[in-house]
Visitor: 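Pasting in a structure now, in structure tokens, and then I'll have a few things to ask.
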Amino acid sequence: NGNLEWLNPFVFIYNGNIMLASDNSMYITTGPYLEGGAIDKYPIHDPFLSNSLRTFNQREFGLNPAATLLEFEGYLYGTATEGGMNNGGVLYRIRHTGGGFEIIHHFSDVRGGKTPVAGLTEADGFLYGTTANGGTSESHGTVFRIRPDGTEFTRLHDFDGWGGSHPTGYVMPRDGVLSFDVGAHTHQIASQ
């Protein structure tokens, strides 16, 4: 109705945007205000009944969830910029209830990039995203795709510094072409 209300009286560092899910709840990721960050859930019927769906407090499961969540096939998908087996961040999924938490990919420097800052997008049965660092060209970042179950991870593009570096935005798949912004430049590559 145009009025602004604070849903939570505490001061947290919110990452990404609020995501409204099919279960009539709002979800948002928070920075490492306590331990390594969290996913907070706010039911639409009473947003003051917020709770932390998941707390990121163990390095091996990722730290600092940094982006807006993506809802797809009964899961919420997200990225954490740090931690994981290679300390390059993780891609995870979790159910709306907080159960079923699963790391579906551990990022590493050269093989697939590291530090996934942006959220994910979905197209043609794949999740698409970027890493702000890593890749084969002096650690300038990557564009990747992966199946929602964690299989078929493919690095689609390595940034080289000349055509942009350290992407932090979303990949927008459309008609077989991936568009993404790097600084003041918009790039496009084939999705296959």
Side-chain angles (χ1 to χ4, degrees), residues 12-19 21 27-41 51-123 125-136 139-159 165-171 173 178 180:
F12 297 139
I13 301 170
Y14 288 108
N15 296 325
N17 296 314
I18 293 173
M19 191 270 295
Y27 295 85
I28 191 163
T29 57
T30 64
Y33 66 96
L34 292 174
E35 311 262 349
I39 301 170
D40 286 347
K41 177 178 182 176
N51 67 332
S52 286
L53 190 68
R54 170 81 184 183
T55 301
F56 291 78
N57 57 7
Q58 294 177 312
R59 181 164 289 283
E60 63 266 29
F61 297 118
L63 300 170
N64 194 15
T68 304
L69 297 170
L70 169 71
E71 182 178 29
F72 184 66
E73 295 182 344
Y75 282 96
L76 303 173
Y77 287 85
T79 58
T81 62
E82 303 171 51
M85 286 181 4
N86 307 307
N87 202 30
V90 300
L91 196 156
Y92 62 86
R93 67 183 183 178
I94 189 170
R95 296 279 187 189
H96 298 84
T97 60
F101 180 82
E102 180 181 8
I103 302 293
I104 64 170
H105 186 75
H106 293 266
F107 288 94
S108 63
D109 194 6
V110 175
R111 288 179 288 155
K114 69 178 185 178
T115 322
V117 176
L120 304 163
T121 54
E122 182 277 328
F126 283 95
L127 304 177
Y128 291 86
T130 59
T131 64
N133 297 303
T136 58
S139 198
H140 290 285
T142 67
V143 176
F144 66 87
R145 75 176 183 185
I146 189 170
R147 291 278 185 198
D149 64 359
T151 60
E152 297 185 47
F153 178 87
T154 305
R155 194 177 66 244
L156 299 173
H157 181 72
D158 288 295
F159 292 94
S165 65
H166 310 295
T168 58
Y170 287 87
V171 175
L178 305 176
F180 45 90

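Start at 1 with the first residue, then count along the sequence. Computed from a predicted structure; not experimentally measured.
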Visitor: According to salt bridge (charged side-chain N to carboxylate O under 4.0 Å, His left out), does anything in residues 92-105 pair up with another residue at least two apart or in another chain? List the pairs.
Guide: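 Matches after skipping sequence neighbours: Arg93-Glu102.
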Visitor: Between Pro148 and Tyr77, is there a side-chain heavy-atom distance shorter than 4.5 Å?
Guide: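 Answer yes - side chains close enough.
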Visitor: Indicate yes or no: at least one non-hydrogen side-chain atom of Ile104 is less than 4.5 angstrom from one of Asp149.
Guide: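 Side chain of Ile104 against side chain of Asp149, heavy atoms only: no contact under 4.5 Å found.
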Visitor: Measure across Ser108 and Asn86 and return the closest heavy-atom pair with its distance rounded to 0.1 Å.
Guide: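 Scanning both residues, the minimum pair turns out to be CB-ND2, 3.6 Å.
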Visitor: Could you tell me which non-hydrogen atom of Ala67 sits nearest to which non-hydrogen atom of Ala118, and how far apart they are?
Guide: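 Heavy atoms only, the tightest pair is CB-C, 3.4 Å.
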Visitor: Is there a donor-acceptor pair closer than 3.5 Å between any side-chain N or O of Lys41 and the backbone N or O of His96?
Guide: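 Confirmed, Lys41 side chain pairs with His96 backbone.
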Visitor: Go through Asp40 and Ser52 one step at a time and tell me if the side chain to side chain donor-acceptor pair (under 3.5 Å) criterion holds.
Guide: CA-CA 4 Å; Asp40 286 347; Ser52 286; 2.9 Å; yes
Visitor: Taking the side chain from Thr30 and the backbone from Gly37, do they hold a donor-acceptor pair closer than 3.5 Å?
Guide: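 Such a contact is absent between Thr30 side chain and Gly37 backbone.
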Visitor: Looking only at heavy atoms, what is the nearest atom pair of Ala21 and Tyr27, with distance?
Guide: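 Distance-wise, the nearest heavy atoms are CB-CE1, 3.5 Å.
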Visitor: Just wondering, do Ile39 and Phe56 contact through their side chains at under 4.5 Å, heavy atoms?
Guide: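 The answer is yes, as the side chains (C-beta and beyond) meet within the 4.5 Å cut-off.
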Visitor: Just wondering, do Arg155 and Thr136 contact through their side chains at under 4.5 Å, heavy atoms?
Guide: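 When only atoms from C-beta onward are counted, Arg155 and Thr136 do touch, with a gap below 4.5 Å.
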Visitor: As a quick check of understanding, evaluate ring pair (Phe, Tyr, Trp, His ring centres under 6.0 Å) for Tyr92 and Phe61, giving each step before the final call.
Guide: CA-CA 9 Å; Tyr92 62 86; Phe61 297 118; over 10 Å; no
Visitor: On a heavy-atom basis, which atom in Gly89 and which in Pro116 lie closest, and how many Å separate them?
Guide: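 Looking at all heavy atoms of both residues, the closest pair is CA-CD, 4.1 Å.
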Visitor: As an exercise, state the distance from CG of Leu70 to CE of Met19, rounded to the nearest 0.5 Å.
Guide: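 It comes to 7.5 Å.
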Visitor: May I have the step-by-step check of side chain to side chain donor-acceptor pair (under 3.5 Å) for Thr55 and Asn57, ending in yes or no?
Guide: CA-CA 6 Å; Thr55 301; Asn57 57 7; 5.6 Å; no
Visitor: Please check this pair: side chain of Arg147 against backbone of Gly125, looking for a donor-acceptor N/O pair closer than 3.5 Å.
Guide: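 It does hold such a pair.
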Visitor: Taking side chain as C-beta onward, heavy atoms only, is Thr79 less than 4.5 Å from Val90?
Guide: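 No, every pair of side-chain atoms sits at 4.5 Å or beyond.
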Visitor: Do Arg54 and Phe101 form a cation-pi contact, if we require the NZ or CZ to be under 6.0 Å from the six-membered ring centre and within 45 degrees of the ring's axis?
Guide: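 Yes, Arg54 lies over the aromatic ring of Phe101.
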Visitor: Within the 3.5 Å criterion, strictly below it, is a donor on Thr115 or Thr81 matched to an acceptor on the partner's side chain?
Guide: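 Short answer, no.
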Visitor: OG1/Thr97 to CG/Leu76 distance, rounded to the nearest 0.5 angstrom?
Guide: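 If we round to the nearest 0.5 Å, Thr97:OG1 and Leu76:CG are 9.5 Å apart.
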Visitor: Supply the atom-to-atom distance Phe144 CZ to Asp158 CG, rounded to the nearest 0.5 angstrom.
Guide: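 Rounded to the nearest 0.5 Å, the CZ-CG separation comes out at 13.0 Å.
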Visitor: Taking C-beta and beyond as the side chain, do Thr131 and Phe107 meet within less than 4.5 Å on heavy atoms?
Guide: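 Contact flag for Thr131/Phe107 side chains = yes.
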Visitor: Atom CD1 of Ile28 and atom CG of Leu53: how far apart are they, to the nearest 0.5 Å?
Guide: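 Ile28 CD1 to Leu53 CG: 13.5 Å, rounded to 0.5 Å.
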Visitor: Can you confirm whether Val143 sits close enough to Phe159 that some side-chain heavy atom of one is under 4.5 Å from a side-chain heavy atom of the other?
Guide: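 Touching, per the 4.5 Å side-chain cut-off.
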Visitor: Report the distance from atom NE2 of His157 to atom OG1 of Thr142, rounding to the nearest 0.5 Å.
Guide: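 Between His157 NE2 and Thr142 OG1, I get 9.5 Å after rounding to 0.5 Å.
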Visitor: Quick one, Thr68 and Thr29 - any side-chain contact, counting heavy atoms below 4.5 Å?
Guide: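 SC-SC contact between Thr68 and Thr29 ruled out.
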Visitor: His106: what forms a ring pair (Phe, Tyr, Trp, His ring centres under 6.0 Å) with it, not counting sequence neighbours?
Guide: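 Ring pair (Phe, Tyr, Trp, His ring centres under 6.0 Å) list for His106, sorted by chain: empty.
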Visitor: How long is the gap from CG on Leu127 to CD1 on Ile146, to the nearest 0.5 Å?
Guide: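 Answer rounded to 0.5 Å: 7.0 Å.
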